[in-house]
Peer 1: 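Just passing along the structure, written as structure tokens.
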Number of protein chains: 2
Amino acid sequence: MSKEKVTSQQVAELAGVSQSAVSRVYTTGASASKKTTDKVHKAATALGYRPNVLARAMVSGKSRIIGLVVAYLENQFYPDAIEKLSTQLQEKGYHVLIFMPSKTAENIDAVVEEILDYQVEGIIVASVALSSQLADRCRSAGVPVVLFNRSQDGEGLSCVTSDNFSGGAKAARFLLAGGHKKIGYIAGWEGASTQRDREFGFTAALQQEGATLYAREAGDFSMEKASEATRRMFSDDRPDAVFVANDHMAFAVMDTLRFELGLRVPEDVSVISYDDVPAAAWPAYNLTTVRQRANQMVRETVRILMEQILGDGLQGQQIAIGSPVIVRGSARIPEGWNS
Amino acid sequence: MSKEKVTSQQVAELAGVSQSAVSRVYTTGASASKKTTDKVHKAATALGYRPNVLARAMVSGKSRIIGLVVAYLENQFYPDAIEKLSTQLQEKGYHVLIFMPSKTAENIDAVVEEILDYQVEGIIVASVALSSQLADRCRSAGVPVVLFNRSQDGEGLSCVTSDNFSGGAKAARFLLAGGHKKIGYIAGWEGASTQRDREFGFTAALQQEGATLYAREAGDFSMEKASEATRRMFSDDRPDAVFVANDHMAFAVMDTLRFELGLRVPEDVSVISYDDVPAAAWPAYNLTTVRQRANQMVRETVRILMEQILGDGLQGQQIAIGSPVIVRGSARIPEGWNS
DNA sequence: CCTATAATTACATACGTATGCAAAAATTAT
DNA sequence: ATAATTTTTGCATACGTATGTAATTATAGG
């Protein structure tokens, strides 16, 4: 009762044509007369035939599969991105095979190897880095790789990020314009390029304005660590403003400030962060934040992949999407602020 | 420079054995002597050989791919579930091909057809329903289907949900025990079995205690609609408690109550909902909610899939996981409440 | 040391489709 | 109407692997 597979051969027999005729009907760009096309379609619908993508992949070398590596689904930014990626790739006729590295060690390499086993036509690596050997391996296998929301040097590697440096700088100038004097920073995971670039941009802008960082703690992109960092940072002689490396941590920071330390946001402390995930707009947080334009990032990612898949061997591209400050209520709004 | 494919044939030549020998070395349960195994492994690592999963799938009929259909990634419950599903399936040697139906029409059927084209060994359908024709199609193709967080009649269809009826009843008893007299309900999308069962359980328990529903509005599982529903429900002669069909809407309900209508939670209005997504525990919401035990739901889903894949043709199973009330601070806590 | 048995191996084939090639049919030009 | 050209078609083969079958080798038993 199970496993009834309908093959092009069976369709061919019913339609009274050859198997290759059936194949040509279903292959775009192949020639088939209207008469046989009709006969084949009729027979196909009668039998419920649909081409086997895997068999097709075998001979054509095109699997129509894109591998996606993603680790931190707790941070809403990533589900959001996955949804957009999947939808846009589906429109192009591709589908997404998802891989989640267990968050222990550097088994990311192992995961990417698994991906390659599926003969994917491209790989998107979100929120994690790639060893240079693996990057080489992908390149020599002719499989384009795009790093999403991480940047990394390496031949043939493409990266799509927001402009984290200038985004961080914007956050600094916003807080300075608000008249803040004691400005703290809660860092993300130190190994992440996004963390690094946001901090560089932030401190560079502070220095440019003659200011200096008042406090710094690491939150590792984790809510719990961010809460602890907040407690340490606000234990004595507290800052009057804090830049948090992403929204996900900022929620924990705000909750800790308000419900644990009894501070008001933004009256006592201004909070600004980075990403603009959906929850940032929820009234409970109403978070002023630097927006990562997920739509554009996804669009660029898909564009690069398609370019590399079609015209193979192209150079890696590094894209940084501009990131505007979204002014809400968690940070004091400078007088006469515009843009 | 691109597309260097290493095949078992090449490994065989380098190792001085036949292609089938190489295959047997990489096939569990096949016989190969230690000597040839060593030779093959040496040659394989020298060439960087890894078996082609797609070719393997062709001949063995096992693609090691599970198709996953999921629509609402904004609701944190689903990213959470995806992560757990993906991880557990990876441990079993399977990988997840993800499909997101564009949220327009009943193109879910089209999406499932696409999934079948990839010769998946099983399908998980989360948060959406399936037409009976498609269910039949999957069954006759020998592909087991598990509905995740939706239940639906149909031969061979398996469902894994929380026990929504008794969960809804628990919510009702919690509010009644808290002394609430005017109890409202904000419904999810009316077409969803989860919505229906939660409401049935809720109103059944109300009636059992001699109470009756004071107000009802539909929120469609959307935050925006839930906000509108809240405004309508609390425009005059407001309820003193409200059960919201899921956490995702409850966040909007609480925000609307607090920041728009100036009501205190739980002093003026008790809010209880369903799911216990991570954000429910965030201090800003501190939401009392009926927990869906995602871990157990995922475990059952994977178990059913594995059973059906191995011993094919099994009957569909309907699993409902018990769902406890997680008491936090958004609803008045009845005196002497335990369990 | 020889036979009986078990383990291993190579050969050949199959999975379902796409595609180069040559034959056949259809179309156009003369 | 015939030749020249284009389009369509069927045949055969290839993609990379697993596996049944038969031949070979290794192991055990006497």
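Side chains are part of it too, since the values below use all heavy atoms of this structure and drop only hydrogens, waters and symmetry mates. No experiment lies behind these values; they were computed from the predicted model shown. Chain naming here is simple, since letters A, B, ... match the order of the sequence lines and numbering starts at 1 in each.
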Peer 1: Could you state the atom-to-atom distance from CG of Leu54(B) to P of dA18(D) in whole Å?
Peer 2: 12 Å
Peer 1: Any N or O donor-acceptor pair under 3.5 Å from the base of dG16(C) to the side chain of Ser8(A)?
Peer 2: no
Peer 1: Atom NZ of Lys34(A) to atom C1' of dA25(C): distance rounded to whole Å?
Peer 2: 18 Å
Peer 1: Let me know the distance between CD of Glu13(B) and P of dT17(D), rounded to the nearest Å.
Peer 2: 13 Å
Peer 1: List the steps, then state whether side-chain hydrogen bond (donor to acceptor under 3.5 Å, both in side chains) holds for Asn52(A) with Tyr118(B).
Peer 2: CA-CA 7 Å; Asn52(A) 180 330; Tyr118(B) 280 86; over 6 Å; no
Peer 1: Looking only at side-chain N and O atoms, does Tyr49(A) come under 4.0 Å of OP1 or OP2 in dT17(C)?
Peer 2: yes
Peer 1: Nearest to the side chain of Ser23(B) - dA18(D), dG16(C), dG10(D)?
Peer 2: dA18(D)
Peer 1: Please determine if Asp38(B) and Lys34(B) form a salt bridge, counting it only when a charged side-chain N lies under 4.0 Å from a carboxylate O.
Peer 2: yes
Peer 1: Here's a test of your reading of the structure: between Ala55(B) and Ala21(B), which maps to the more 5' nucleotide of DNA chain C?
Peer 2: Ala21(B)
Peer 1: How many Å lie between NZ on Lys5(B) and P on dA14(D), as a whole number?
Peer 2: 17 Å
Peer 1: Output the rounded distance in Å from NZ (Lys39(B)) to C1' (dT9(C)).
Peer 2: 10 Å
Peer 1: Closest heavy-atom contact between Glu121(A) and Ile66(A)?
Peer 2: C-CD1, 4.4 Å
Peer 1: Would you indicate what Ala32(A) reaches in the nucleic acid, counting non-hydrogen atoms under 4.0 angstrom: base, sugar-phosphate, or nothing?
Peer 2: sugar-phosphate
Peer 1: Measure the shortest side-chain to side-chain distance between Ile309(B) and Pro144(B) over non-hydrogen atoms and say whether it is less than 4.5 angstrom.
Peer 2: yes
Peer 1: Between dT9(C) and Ser33(B), is there an OP1 or OP2 to side-chain N/O distance shorter than 4.0 Å?
Peer 2: yes
Peer 1: Look at the side chain of Met58(B) and decide which nucleotide, out of dG16(C), dT19(D), dA10(C), has an atom nearest to it.
Peer 2: dG16(C)
Peer 1: Please state how far atom OH in Tyr118(A) lies from atom P in dT17(D), giving the value in whole angstrom units.
Peer 2: 15 Å
Peer 1: For dA10(C), does the base pair up with any side-chain atom of Ser20(B) as donor and acceptor (N or O, under 3.5 Å, distance only)?
Peer 2: yes
Peer 1: Lys35(B) NZ to dA26(D) P: how many Å, rounded?
Peer 2: 6 Å
Peer 1: Just the rounded figure in Å: distance from C1' of dT17(D) to CD of Gln10(B).
Peer 2: 14 Å
Peer 1: Under 4.0 angstrom, heavy atoms only, what part of the nucleic acid is Val22(A) near: base, sugar-phosphate, or nothing?
Peer 2: nothing
Peer 1: Can you check whether Thr27(A) has a side-chain N or O nearer than 4.0 Å to OP1 or OP2 of dA18(C)?
Peer 2: yes
Peer 1: Are any of the side-chain nitrogens in Arg137(A) or Glu113(A) under 4.0 Å away from the carboxylate oxygens of its partner?
Peer 2: yes
Peer 1: Record whether the side chain of Thr7(A) comes under 3.5 Å of the base of dC15(C) through a donor-acceptor pair of N or O atoms.
Peer 2: no
Peer 1: Assess whether one donor atom and one acceptor atom, taken from the side chain of Arg24(A) and the base of dG20(C), lie less than 3.5 Å apart.
Peer 2: yes
